[in-house]
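Quick notes on the structure that follows.
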2 protein chains.
Amino acid sequence: MQKLLTTKQVAQAIKVSESSLKRWCYQGLLTAIRTAGGHRRLALDDVLHFLRKSGQKLVRPELLGLPSNTGQAAVVMGRAREKVRDALIAGDEDQCRRIVFDLYLAGHSACEICDHVLATAFHDIGLRWECGELTIYRERRACEIGLKLLQELRMAVRTPLTDAPVAIGGTLSCDPYRLPNSMIELVLRELGWRATSLGTSLPTATIGEAVRDSRPRLLWLSVSHIESVPTFLAEYAHLHGVATGTGTAVVVGGRALTAEIRRQMAYSAYCDTLRHLAAFASSLASMDVERNPHNKSDGANPRSECRPGGDAN
Amino acid sequence: MQKLLTTKQVAQAIKVSESSLKRWCYQGLLTAIRTAGGHRRLALDDVLHFLRKSGQKLVRPELLGLPSNTGQAAVVMGRAREKVRDALIAGDEDQCRRIVFDLYLAGHSACEICDHVLATAFHDIGLRWECGELTIYRERRACEIGLKLLQELRMAVRTPLTDAPVAIGGTLSCDPYRLPNSMIELVLRELGWRATSLGTSLPTATIGEAVRDSRPRLLWLSVSHIESVPTFLAEYAHLHGVATGTGTAVVVGGRALTAEIRRQMAYSAYCDTLRHLAAFASSLASMDVERNPHNKSDGANPRSECRPGGDAN
DNA sequence: GTAGAAATGGACGATTTGAACGAATTATGT
DNA sequence: ACATAATTCGTTCAAATCGTCCATTTCTAC
């Protein structure tokens with residue numbers, strides 16, 4: 001059973017354009033068979049032989065190597081979710097990275113990717129883990145990979161300006177869940193905030209210190225686990241008092257915050273999804289701009305191709 | 001993710017002419033692969049490797065997708081340690097990154113950087129934290145930054161080959177210290193291993209499962225904290241049995257492993273520093289090569305500019 | 001200081017590449 | 001089976017890169 005690949009798959013795997021591949025096929029450098037309708041199909045053997053002959057590097061071997069995965073481009077969110085989930089379980093970091101970055105480069109925001117792909121994938125993984133369908137190390141390894149991906153995405157979004165609003169946050173004591181926390185930091189940075197995660201399992205007192213020290217515009221608390229509800233509520237209330245005292249908006253979220261618990265809390269916003277968080281953060285920032293309208297140069301990338309030293313000629 | 005660059009991109013990034021780059025490729029100073037049509041493609045890893053060897057300055061790192069501000073000023077190790085420590089305490093992520101990447105591009109290995117700069121910096125931070133000189137959130141924030149830096153370094157070292165030996169590892173239950181673990185993964189990858197961290201606070205049983213599933217050549221255990229010594233010893237003994245049963249070398253290290261505890265443990269190696277770990281891993285790999293001497297093409301530079309296909313006509 | 005060697009940067013025509021386009025084919029869901 | 005979305009086809013064209021040659025700069029040794 002010879003495995004057949006499309007030009008797109010191979011093009012992505014060796015990082016050249018489809019045009020080049022078509023040309024190489026036409027020139028006979030790479031043998032291709034045709035479907036009845038004239039579409040090219042490349043046999044894996046032929047591709048590998050061609051690569052060896054031409055000395056090219058297989059940039060993403062996972063695209064050609066995985067037997068179970070057809071490797072279609074993942075510009076569609078729906079399929080991406082299951083693919084990422086399965087790759088996470090299998091510990092295939094490269095495959096995960098490929099899908100996620102395909103989505104990002106296809107124009108989806110980090111916020112969307114987190115909400116619709118990563119969060120749901122990890123939700124699935126969590127369920128299977130609870131049912132005992134998944135060995136622990138697979139779940140842990142998946143988390144490690146997820147954190148790496150979030151970190152790489154964080155490097156991909158543009159670095160915030162020095163006059164951008166500041167946000168800090170983390171998780172409270174006995175809550176070691178890092179993934180939601182990293183997602184929040186990523187999404188806020190994508191929106192242009194200078195977001196800094198303080199980490200996980202933080203005593204509430206030290207968060208208060210951080211708020212007093214750095215006077216952020218926004219404080220987020222990701223709450224995935226609560227040890228003792230009364231203690232949590234008491235400590236949270238104190239922290240909330242500190243924050244409002246310094247003009248800091250407090251955003252909370254996380255699956256541990258049931259409606260019952262939320263009823264006893266005061267906050268600036270509660271967010272179910274990262275999209276909600278993004279919306280709130282945006283409105284907060286725009287309010288501030290209206291109140292204090294100085295430079296709001298978005299300046300995404302206006303013609304960064306200028307020759308560096310003007311006087312070099 | 002094996003990033004490929006064109007000669008123009010690299011030329012602009014290090015501010016030399018394309019002609020020079022082409023010449024360096026021809027001379028074998030810089031490894032380049034070719035497209036089927038003969039255009040050069042440079043792997044980011046190789047470019048960084050070349051920069052370190054040749055002492056070139058990276059003028060515009062953002063063109064290579066690297067964090068900006070890197071490669072500007074070479075710093076001496078001695079001062080770097082205190083600078084990094086202070087920047088970590090201040091939460092100045094960019095400053096930390098600049099120093100660390102400067103060191104890396106100046107030719108220092110990730111292993112050295114971890115041992116002499118990061119580890120000592122965090123040692124200092126730990127001491128101050130225990131004395132109460134440091135608020136908790138600063139210590140936590142420093143850890144977050146450290147993890148991010150290690151992750152970025154991990155992306156900068158050359159990607160391991162698919163036939164490289166496999167290493168896995170992590171920390172055991174009740175040991176949440178991620179930094180040493182990430183350092184180990186980084187150093188092993190720098191040595192060419194396919195190292196994968198399974199995460200922290202892992203039950204010993206699931207590590208055993210992972211060993212059985214992926215049959216690594218090396219298993220590392222970073223032990224920064226032990227809850228109950230007898231439990232630890234019992235569980236470790238079992239895990240060590242599993243590992244030796246599958247031909248897996250076990251490397252242990254960490255400040256919680258006192259001489260007294262070590263006396264009651266069996267292991268392939270105990271490492272005080274990452275340099276020790278690197279030395280052991282290297283000897284392990286070279287032993288395997290001797291025993292099974294197939295392709296060991298280091299291929300440093302002997303005329304790697306060969307035109308690809310000999311028999312393509 | 002000067003001559004020679006070595007390295008650099010720029011310029012040239014020829015070739016390769018990647019992106020675009022409408023039309024046709026394939027995949028997917030009901 | 002059919003409708004619709006997604007992919008691939010063949011083609012064209014501007015931009016990028018190739019190899020090569022040469023003028024200029026930098027280095028080295030006398």
Side-chain angles (χ1 to χ4, degrees), chain A residues 3-43 47 50 53-57 59 63 69-83 99 102-103 105-108 303-305 307-309 311-313, chain B residues 3-30 32-43 47 50-51 53-57 59 63 303-309 312-313:
Chain A
K3 191 173 181 188
L4 292 181
L5 306 153
T6 67
T7 51
K8 183 173 194 174
Q9 290 175 279
V10 178
Q12 289 184 333
I14 65 180
K15 208 137 195 174
V16 297
S17 66
E18 289 180 62
S19 300
S20 295
L21 268 184
K22 286 190 283 191
R23 203 176 316 108
W24 295 337
C25 289
Y26 176 76
Q27 294 172 347
L29 296 170
L30 173 55
T31 21
I33 62 174
R34 301 286 191 134
T35 66
H39 284 196
R40 274 171 269 257
R41 288 298 122 92
L42 309 172
V47 173
F50 166 72
K53 224 168 36 176
S54 64
Q56 286 190 86
K57 219 170 196 170
V59 185
L63 246 183
N69 219 327
T70 56
Q72 302 285 354
V75 285
V76 201
M77 281 279 184
R79 311 279 303 272
R81 171 192 157 180
E82 288 91 18
K83 287 186 181 175
I99 300 173
D102 275 353
L103 288 169
L105 293 176
H108 294 101
R303 197 50 43 110
S304 57
E305 258 288 303
R307 286 297 288 271
D311 52 352
N313 47 358
Chain B
K3 200 168 181 176
L4 288 185
L5 306 154
T6 66
T7 52
K8 185 176 196 173
Q9 291 176 283
V10 178
Q12 289 181 337
I14 65 181
K15 214 144 196 173
V16 296
S17 66
E18 288 180 59
S19 298
S20 294
L21 271 182
K22 286 192 280 191
R23 200 176 320 108
W24 293 337
C25 289
Y26 176 75
Q27 294 171 345
L29 299 171
L30 172 54
I33 61 172
R34 301 284 195 136
T35 66
H39 285 196
R40 273 169 270 256
R41 289 295 122 92
L42 309 173
V47 173
F50 167 73
L51 289 178
K53 263 195 316 199
S54 65
Q56 293 270 352
K57 291 280 184 292
V59 184
L63 291 182
R303 195 51 44 106
S304 53
E305 262 277 304
C306 52
R307 276 307 281 271
N313 45 359

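Chain letters run A, B, ... following the sequence lines, proteins first and then strands; every chain starts at 1. What's counted below: heavy atoms across the whole structure, side chains too, no hydrogens, waters or symmetry copies.
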(message) Please pick, from C:dA27, C:dT17, D:dT17, the nucleotide with the shortest atom-to-atom distance to any side-chain atom of B:Lys8.
(response)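 My answer, after comparing the listed nucleotides, is D:dT17.
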(request) State, to 0.1 Å, how close A:Leu29 and B:Ala36 come at their nearest heavy-atom pair, and which atoms those are. (result)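 Distance-wise, the nearest heavy atoms are CD1-CB, 4.3 Å.
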(message) Using every non-hydrogen atom in the two residues, find where B:Val16 and B:Gln56 come nearest and quote the distance to one decimal.
(response)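 Taking every non-hydrogen atom into account, CG1-OE1, 4.2 Å.
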Protein-nucleic acid N or O pairs under 3.5 Å, nucleotides 20-28 of chain D:
none

Could you state the atom-to-atom distance from [atom1] of [X] to [atom2] of [N] in whole Å?
X: A:Gln56; N: C:dT17; atom1: CD; atom2: C1'; result: 12 Å
X: B:Gln27; N: D:dG19; atom1: CD; atom2: P; result: 14 Å
X: B:Leu4; N: C:dT17; atom1: CG; atom2: P; result: 14 Å
X: B:Ile33; N: D:dT17; atom1: CD1; atom2: P; result: 15 Å
X: A:Leu21; N: D:dT7; atom1: CG; atom2: C1'; result: 15 Å
X: A:Glu18; N: C:dG18; atom1: CD; atom2: P; result: 11 Å
X: A:Gln12; N: D:dA6; atom1: CD; atom2: C1'; result: 14 Å
X: B:Tyr26; N: C:dA7; atom1: OH; atom2: C1'; result: 16 Å

Distance in Å, [X] [atom1] paired with [Y] [atom2], rounded so as to fall on 0.5 Å steps:
X: B:Gln27; Y: B:Trp24; atom1: CD; atom2: CH2; result: 9.5 Å
X: A:Lys22; Y: A:Thr7; atom1: NZ; atom2: OG1; result: 7.0 Å
X: B:Ser54; Y: B:Ile14; atom1: OG; atom2: CD1; result: 7.0 Å

[X] side chain N/O closer than 4.0 Å to the phosphate oxygens (OP1, OP2) of [N]?
X: B:Arg34; N: D:dG19; value: yes
X: B:Thr7; N: D:dC18; value: yes
X: A:Arg23; N: C:dT17; value: yes
X: B:Trp24; N: C:dA7; value: no
X: B:Thr6; N: D:dT17; value: yes

(request) For a side chain to side chain contact (heavy atoms under 4.5 Å, CB included) with A:Glu18, tell me which candidate from A:Gln12, A:Lys8, A:Arg40, A:Arg23 qualifies. (result)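 Of the listed options, the one satisfying the test is A:Lys8.
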(message) Need one value for A:Arg40: base, sugar-phosphate or nothing, where a base atom within 4.0 Å counts as base even if backbone is also close, heavy atoms only.
(response)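 The answer is sugar-phosphate, as A:Arg40 gets under 4.0 Å only of primed atoms, P, OP1 or OP2.
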(request) Would you mind telling me which residue lines up with the more 5' stretch of DNA chain C, B:Val16 or A:Thr35, judged by nearest nucleotide? (result)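 First, find each residue's nearest nucleotide; the 5'-ward one identifies B:Val16.
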Could you write out each protein N or O paired with an N or O of nucleotides 13-15 of chain C at a distance under 3.5 Å?
none

(message) I want to check something: taking the side chain as every heavy atom from C-beta on, are B:Leu42 and B:Cys25 in contact at a cut-off of under 4.5 Å?
(response)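 Answer yes - side chains close enough.
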(message) Would you say that B:Leu5 contacts B:Arg41 through its side chain, given a criterion of any heavy-atom pair below 4.5 Å between the two side chains?
(response)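 A side-chain contact under 4.5 Å is absent here.
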